[in-house]
Amino acid sequence: MLREDVTEAIRAAVFEELAAVGFARMSIEGIARRAGVGKTAVYRRWKSKLSLVLDLLTAFAVEGLPAPATGSLYGDVRALLEVAAHALRHPVASQVIPDLLVEAARHPEITEAVRATLLDSQRGVVAQVVRDAVERGELARGADADRALDLVVGPLYWRLVVVRDARLPEGYLDDLAHASVAALRA
């Protein structure tokens, strides 16, 4: 039987190793060293670094976040932006996400896992926000959750992940929330 504390130490080490050296240079040896275990402990759980990273991404996607329920579309959008900004500015995430996107271009398996982590999990949360707003009469029936996801998270993702400017001006999230809500209502 595999010890859960060892498995968790390995998972934590993977994120640290990804942030430090990236997927291409990441090794089972480096992961094992960071986790304080032997390579065999890693190989008992995963057959390769790719399967390990895919497993972690899938687990991360399944955990997901609950949809905010502030009682207003603006409040829900603002809460989503706050959580997304916090996550995207996290030191590990800010290193791991861009690297995984590069690797996704080379490995279709990573593409699917990244899609599940970054898109599908957020799609469900935003779909709930849209449904709630429709029920409250803040959005018209048939409002498109995919469009909402693009409008709400897209600009933030662009700024924090692509441009890599973690310095959000004061009021940026408020302005983005207002602009997103206005666009959704248009």
Side-chain angles (χ1 to χ4, degrees), residues 8 11-12 14-16 18-19 23 53-105 109-186:
E8 288 308 311
R11 286 182 171 139
V14 170
F15 285 114
E16 292 171 14
L18 276 170
F23 180 82
V53 169
L54 294 176
D55 178 59
L56 289 179
L57 288 174
T58 302
F60 185 74
V62 169
E63 286 177 16
L65 295 170
T70 65
S72 74
L73 177 59
Y74 171 81
D76 290 351
V77 167
R78 180 63 176 78
L80 281 173
L81 287 169
E82 188 70 39
V83 169
H86 178 74
L88 291 171
R89 286 189 290 197
H90 187 279
V92 174
S94 68
Q95 294 299 317
V96 171
I97 291 171
D99 187 53
L100 286 176
L101 293 176
V102 168
E103 291 302 322
E109 308 88 20
I110 293 179
T111 300
E112 289 307 312
V114 168
R115 180 174 287 129
T117 302
L118 298 178
L119 178 60
D120 295 346
S121 62
Q122 290 301 306
R123 182 179 279 150
V125 170
V126 172
Q128 184 62 52
V129 167
V130 168
R131 280 192 299 274
D132 291 348
V134 167
E135 287 177 17
R136 289 189 301 263
E138 294 178 281
L139 291 177
R141 295 234 175 262
D144 185 349
D146 284 339
R147 178 174 176 252
L149 180 59
D150 292 347
L151 289 168
V152 174
V153 183
L156 185 62
Y157 183 84
W158 172 262
R159 184 175 194 131
L160 295 178
V161 176
V162 177
V163 176
R164 300 185 59 85
D165 182 4
R167 297 169 291 121
L168 299 178
E170 188 167 332
Y172 178 80
L173 295 180
D174 294 326
D175 293 344
L176 186 54
H178 283 296
S180 298
V181 168
L184 288 169
R185 289 181 175 155

Side chain to side chain, D76 and E138, heavy atoms closer than 4.5 Å: no

For R167, does the CZ atom sit with more than 12 other heavy atoms under 6.0 Å from it, leaving out its own atoms? no

Is there a side-chain contact between L80 and V153 in this structure, where contact means two heavy atoms from C-beta onward sitting under 4.5 Å apart? no

Report yes if the side chains of Y74 and D174 come closer than 4.5 Å at any heavy-atom pair, otherwise no. yes

List the atom of Y157, the atom of L101, and the distance in Å for their closest heavy-atom pair. OH-CD1, 2.6 Å

Is any side-chain N of the basic residue among E82 and R78 closer than 4.0 Å to the acidic one's carboxylate O? yes

Taking every non-hydrogen atom, the tightest pair across A104 and T111: O-OG1, 2.6 Å

Atom of V134, atom of A140 and distance for their closest heavy-atom approach: CG2-O, 3.5 Å

My understanding is that only one of V125, V83, D132 makes a side-chain contact (heavy atoms from CB on, under 4.5 Å) with P68; could you say which? V125

Here the pair of heavy atoms bringing A166 nearest to R89 is O-CD, 3.5 Å

Spacing of L184 atom CG and L73 atom CG [to the nearest 0.5 Å]: 6.0 Å

Spacing of CZ belonging to R136 relative to CZ belonging to R131, to within rounding of 0.5 Å: 12.5 Å

For the residue pair L81 and V152, what are the closest heavy atoms and their distance? CD2-O, 3.2 Å

Ignoring hydrogens, what is the shortest heavy-atom contact between L168 and A85? Give both atom names and the distance. CD1-CB, 4.2 Å

Rounding to 0.5 Å, atoms CG (L156) and CG (L151) come to a distance of 13.0 Å

